[in-house]
Amino acid sequence: MLRDRRLTAGLAMSVLVSTVLMATLVVGPFYLARGLGLGMAKVGLVMSAGPLVAAFAGVPAGRLVDRFGAPGMVVVALAGMLLGCVALGVMPAAAGLAGFMLHIVIITAHYALFQAANNTAVMTDVSPDRRGVISGLLNLARNLGLIGGASVMGAVFAFASGAGEPAAIALGLRVTVAVAAALLLARGRQTA
């Protein structure tokens with residue numbers, strides 16, 4: 001099965017995009033608590049915005065994929081996530097909480113679109129006797145990306161933020177999302 005280029009490309013993209021998403025989930029709480037000085041309860045509320053957006057974006061994302069096709073929507077989703085990462089990376093400190101939340105909403109909404117489009121692209125033309133296995137591989141790829149993102153992007157953030165002071169935390173956020181953007185850009189060029 002892994003000799004199928006469409007399948008392996010879809011699985012690789014799923015790993016990569018999930019890694020990028022996890023960067024926001026790992027770095028976000030540190031930035032909010034130590035960079036912006038929010039209390040733990042507020043950090044939790046703010047961090048719930050991304051998953052809520054992804055959940056509510058699922059049905060509209062599926063409709064967009066049905067209407068415009070999976071390949072085009074994969075490109076739109078990757079571009080949207082890239083835009084969100086770049087904007088988050090260059091966000092001025094004065095943007096504060098509202099700026100952070102806006103960029104997280106952009107990234108997670110496009111993540112939901114990516115999942116719908118990529119899964120559709122991979123599952124198209126799969127024979128009924130292979131759908132369960134392919135679905136399992138897609139879930140495995142997503143989970144590998146989430147786990148890898150937590151460890152790799154967490155390490156990038158820890159290295160870049162060094163001292164842990166608010167300015168260092170902001171720098172760690174910028175460096176981590178820059179690495180995430182570079183991953184998306186590299187993957188986007190391979191799909192183009």
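Along the sequence shown, the residues carry numbers beginning at 1.
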State, to 0.1 Å, how close [X] and [Y] come at their nearest heavy-atom pair, and which atoms those are.
| X | Y | answer |
| --- | --- | --- |
| S135 | M123 | N-SD, 4.1 Å |
| A112 | G58 | CB-N, 4.4 Å |
| V76 | H110 | O-CD2, 3.7 Å |
| L32 | M47 | CD1-SD, 3.7 Å |
| L184 | L82 | CD1-N, 3.6 Å |
| A141 | V15 | O-CG2, 3.3 Å |

Nearest-0.5 Å distance, [atom1] of residue [X] to [atom2] of residue [Y]:
| X | Y | atom1 | atom2 | value |
| --- | --- | --- | --- | --- |
| N118 | L138 | CG | CG | 6.5 Å |
| I107 | F114 | CD1 | CZ | 14.5 Å |
| L88 | L173 | CG | CG | 4.5 Å |
| M153 | L25 | CE | CG | 11.5 Å |
| M22 | T19 | CE | OG1 | 9.5 Å |
| C85 | H103 | SG | NE2 | 10.0 Å |

Under 4.5 Å between side-chain heavy atoms, counting indirect links through other Ile/Leu/Val/Met/Phe/Trp/Tyr residues: same cluster for [X] and [Y] or not?
| X | Y | result |
| --- | --- | --- |
| V175 | M91 | yes |
| V53 | M101 | no |
| L171 | V86 | yes |
| L36 | L102 | no |
| I104 | L97 | yes |

Are [X] and [Y] side-chain neighbours, meaning at least one heavy-atom pair lies under 4.5 Å?
| X | Y | answer |
| --- | --- | --- |
| V65 | L113 | yes |
| M13 | L78 | yes |
| S18 | Q115 | yes |
| V122 | L11 | no |

Donor-acceptor pair, T124 side chain versus T120 backbone, under 3.5 Å?
yes
Count the heavy atoms belonging to other residues, nucleotides or ligands that lie under 6.0 Å from CZ of R6, then report whether that count exceeds 12.
yes
Is it true that atom CZ of F30 has more than 12 heavy atoms of other residues, nucleotides or ligands lying nearer than 6.0 Å?
no
Go through the steps to decide whether F100 and V46 satisfy the test side-chain contact (heavy atoms from CB on, under 4.5 Å), and finish with yes or no.
CA-CA 9 Å; F100 178 82; V46 171; 4.2 Å; yes
